Amino acid sequence: MLPGLGDEQVRALRRVGRAWGRVSSPPEVWHRALPVEPDLGAFPVRAEAGSAWFGRLVPLSPLRARSLGGRRAVEPAAGAGAVPVGAGPAGAGAGAAESVRRLLLGAPLASSAFVTERMRKLVALPVLSADALSSVAYGPEAMLTVLVLAGAAGLAYSFPVAAVIVFLMLAVGVSYRQTIRAYPHGGGSYIVAGDNLGPAAGLVAAAGLMTDYVLTVAVSIASGIAAITSALPGLLPWTVPLGVLVVVVLLAGNLRGIRQAGALFAAPTYAFVIAMFALIGAGLADAAETGFRPVAPPALPVTEAVGLLLITRAFSSGATAMTGIEAISNAVPAFRPVEWRNARTTLSWMVGLLIAMFAGIVVLIHLTGVVPHSQETVLSQLARLSFGGGWMYVYIQAATAAVLLLAANTAYNDFPRVLSLLARDDYAPKTFLRLGDRLAYSRSIVLLSLAAALVYIAFEGRTDALIPLYAVGVFLAFTLSQSGMVVHWWRRRDPHWRKSLVFNAVGAVLSGLVLLTAGVGKFTSGAWVALIAVLLFLLVTTRIRSHYTAARAYLRLRPHAVELPARTGAGPLAPATPAGGVRAGREAKGAKEAEETEETEVIPGEIHHLSVVAVATLDLAGMRTLAYAASLGQPALAVHISTTEDEERRFRAYWSLWGDHLPLQTVLSPYRAVVAPLVHYIETLHRLNPELTLTVILPEIVTRHRRHQFLHSRTAARLRRALRHLPKIVITTVPFHLP
C-alpha cells in the first residue's frame, strides 16, 4: 500500500529534510521531549496467537505492551477482553455488533494464513468450475429455444450447432491452458489484453468481465429458481424473493473467506456432476432398448424460416454454456503450489466434464424428442422420462437447483480479483485493494451482491430475459484475451509457439464470431443493455483514473511547495515529567486513578499535550500535517501503520532520508487493517498515560467535487467514532485541497 519513491522524489525528500533542519530543533530534542515511551509492544503474530479450527483461525488480542524500565506496562482494564485487530468502533453497541459479526463470519485470519487458505484441486474444481459445469442446465435449452422457432426443420440443426459449440469449448479450453503457461501468476483477460494489446484493450476486456460476473450471479440464480419451480410450481410467485435470499446466502458464505466458501460449495457441484452422468446413463440405456431410434418431436408452429441468422443466434445462445471457462486462468494464485500446474490440471478436468455433459444432454434431447416448455425446464422433462417422479427425479432437480444457485460463487471469486487489479492500476477506488479480516475482498463481494440483486429484480428472475445480455460480456473478454495471446506468442516465440498461436487464434476467431452474432442478432432482445453497461464502465473507470493521476501529480513532493514549521527555537515545550514519568506517577497514585482521568482541567497550564501524527505516505499532504504538528510547539510523535515488514522497512528508510526530524513509531499490523491498529495504539497510549491530552492529527484530502471524495480515505471520521468514548483524546485533520 506504500507507494515507492522514484529518484526525483528521493532527491526532493532530502531537500525538504534539509529545509526542515534549518527551522526545526534537532531530532534529539524532539525525542527527549516525549512524555511517553512510544514503543508499546506489538500485535501477536500467527506463531504467538492462539489458534482454533485446525490452525486456520487466529483469535486476536489487543496491542501487548512490553516491560518498560523494569516494570510491566499497564495491561487492559479487567473485563476489557480481547479485541480483534480488525474490530471497528469500540463501545457497548459496537461490541455487540462485533460479536454477531464474528459469530457469522468467523475470527480474523492473519496475512500469513493466506498460504493455508489456498485451494487444492479437488476444492478448486467445484469453486472455480461451478459456473461452467452448471451451464449445461441452461446452455442446450437456450440453443433449442432459438432453433424451435423454425419447427422440426430448425431442430434438425441441433447436432451441427452443438458440434461447433463443443469444438469451441475444446479450442478455448486448450487456449486457456496456454494462457496459464504464459501467465503462471494469473492471466485473466484484463491482464492478457492489457499486456499485449494495450491498456485500452485491457480495460475493455475488464468491462466485459465485470458485466459477465454480475450476470453470472443473476442468470445462475434465475436458472436455479426455475429448476425449483419446475418441481414445485406453487413457488412460482416467490421467484424474486427466493432469488434475493440466495444472494444473501452467497454474500455471507463468501465473506467467510475462500477456503470455507469452497468447502460449502463443493458438495452441490459434485452432486450435480453425478446427477448429470446418472441422467445421461439412464437415458442412453432406455434408448438402447429401442435401437437408439430418436422420438419425433411434437408438432411445432413455425414462426421463422431456417437461415444463417437463426443458426448463428442459436449458436451464440448455446455457447453461453462456456461461461466461466476463464475463471481458472484468472485465479491461478488461489491454488496450492505448484500453482500453475495445478491450475492447468483443474482446467483440463473442467473442460472434459463440460464437453461430456453438454454433448450427453444434447444427444438425449435428440433421442427423446424433448422441446423447451415455458412451465418446465428441459432437464426436468428428461429426468421425468427416465425416472418418473420418484426420488431420483427429486435428486436430479435438487442437485441442479443447488449447483445453479451456488454457481454464482465463481463470480464471487473472480469479480473481486479483477476489481482489485483495476484499483491497483487506478481505474477503481483504492478501497477495493484491501483484503478483509477473512482474506476476502469484502467490499467487492458486497458490491457484486448488490449489483446482481438489482439486475435479478429488474428482470424479475426470468432466465430467458437475462440470457441475451449474457453472451456479450463474456465473449468480449474471450475475444480480447485470445487475441492478446496470439500477439504474445508472436512476440515471444517460445518453444512450440506456432502450435500455441494456432490454438489461441482459433479461439479468438470463434469467440469473435459469437460476440458479433450476440451483439447484432440479440441487440433488440436485450444485448443493448450489456453494451450500455460496458460503455458506462469504461466512462467511469477512465474518469477515476484521470482523477487519481491528477491527485498524484499534485501530491508529489516539490521542495518549494512544502510547508515548513515556524522556527521552533529551543524546541518543543518541556514535558511536566521526564519520559516515562507520567506512567510512573500514575502507578504511584493508585486510588486517585479515577479522579486523575476526569476531564477537570480548566486552565491551560493543567493540560499536558502529546500530538500523535498519523502518517501514511510522505507526500505533500503528509508533510503539511507534520509541519502543522511541529509548529504547535508541543511534544509530537509520528505513527505509521505497516501491513507488511517490507513496508515498515521502506517507510523507516524514507523517514531517515527525510532526516528523522520527529520521533517515529511504526506498528506492524499482520492482519491488513490500518485504522483499527491505530485505534488500539491510541487506546493503549491513553490507558498508560491518562493524564495526557492526546491530539491525533492526520491529513485529509479534500476534493473539489464531492463525487470524488469517496475515492480517498475517510480515516478521520472512523477514528472519531472509534475514540469518542475515551476522555482527553482530540481528533483534528489538516485539510489538503486538490485543485
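Throughout, numbering of the chain's residues begins at 1 and tracks the sequence. Not measured: the values here are computed from a predicted model.
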Are Leu310 and Tyr157 packed together at the side-chain level, in the sense that at least one heavy-atom pair is separated by less than 4.5 angstrom? no
Are any non-hydrogen side-chain atoms of Arg341 and Phe335 less than 4.5 angstrom apart? no
For a 4.5 angstrom cut-off between non-hydrogen side-chain atoms, does Lys121 reach Leu125? no
Strictly distance-based, threshold 3.5 Å: is any side-chain N or O of Ser220 a donor or acceptor partner for the main-chain N or O of Val217? no
Pairwise distance CE(Met357) to CZ(Phe277) - rounded to 0.5 angstrom: 6.0 Å
Can you say whether the rings of Phe415 and Tyr213 are parallel (under 30°), tilted (30 to 60°) or perpendicular (over 60°)? perpendicular
Less than 3.5 Å apart, any donor N or O on the side chain of Tyr412 or Ser449 sitting next to an acceptor on the other? yes
Does OH belonging to Tyr456 count more than 12 external heavy atoms closer than 6.0 Å? yes
Taking side chain as C-beta onward, heavy atoms only, is Trp489 less than 4.5 Å from Gln178? yes
Would you give the length of the straight line joining atom CG of Leu379 to atom CD1 of Ile365, rounded to the nearest 0.5 angstrom? 7.5 Å
Side chains of Arg313 and Thr517: donor-acceptor distance under 3.5 Å anywhere? no
Under 3.5 Å, is there a donor-acceptor pair between the Arg177 and Ser329 side chains? no
Could you tell me whether the side chain of Gln482 and the main chain of Ser511 form a donor-acceptor pair under 3.5 Å? no
Donor-acceptor under 3.5 Å (Ser129 side chain, Pro126 main chain): no
Does atom CZ (Arg491) have a neighbourhood of more than 12 heavy atoms from anything else shown, all under 6.0 Å? yes
Side chain Ser317, main chain Met143, donor-acceptor under 3.5 Å: no
If every non-hydrogen atom of Ala343 is compared with every non-hydrogen atom of Val332, which pair is closest and at what distance? CB-CG2, 4.0 Å
Asp425 with Arg545: basic N within carboxylate O range, under 4.0 Å: no
Between Leu203 and Pro199, is there a side-chain heavy-atom distance shorter than 4.5 Å? no
Looking at Val192, is its backbone amide N or carbonyl O close enough to the side chain of Asn196 to form a donor-acceptor pair, meaning the two atoms are under 3.5 Å apart? yes
Tell me the closest heavy-atom pair linking Thr320 and Ala142, and the distance in Å. OG1-CB, 4.4 Å
Does Leu209 reach the side chain of Phe537, with side-chain heavy atoms less than 4.5 Å apart? no
Please check if atom CZ in Phe167 has more than 12 non-hydrogen atoms from other residues, nucleotides or ligands closer than 6.0 Å. no
Walk me through whether Ser481 and Tyr190 qualify under side-chain hydrogen bond (donor to acceptor under 3.5 Å, both in side chains). CA-CA 8 Å; Ser481 175; Tyr190 172 63; over 6 Å; no
Check Leu480, Val474, Leu476 against Leu515 for a side-chain contact (heavy atoms from CB on, under 4.5 Å) and give me the one that passes. Leu476
Sub-4.5 Å side-chain heavy-atom contact between Leu466 and Val455: yes
Side-chain contact, heavy-atom cut-off 4.5 Å: Ile328 with Ile180? yes
Strictly distance-based, threshold 3.5 Å: is any side-chain N or O of Glu326 a donor or acceptor partner for the main-chain N or O of Ser189? yes
Between the side chain of Tyr548 and the main-chain N/O of Lys430, is any donor-acceptor distance below 3.5 Å? yes
Looking only at heavy atoms, what is the nearest atom pair of Ala156 and Pro160, with distance? O-CD, 3.8 Å
side-chain hydrogen bond (donor to acceptor under 3.5 Å, both in side chains) assessment of Ser444 paired with Arg417: CA-CA 9 Å; Ser444 301; Arg417 295 180 192 279; over 6 Å; no
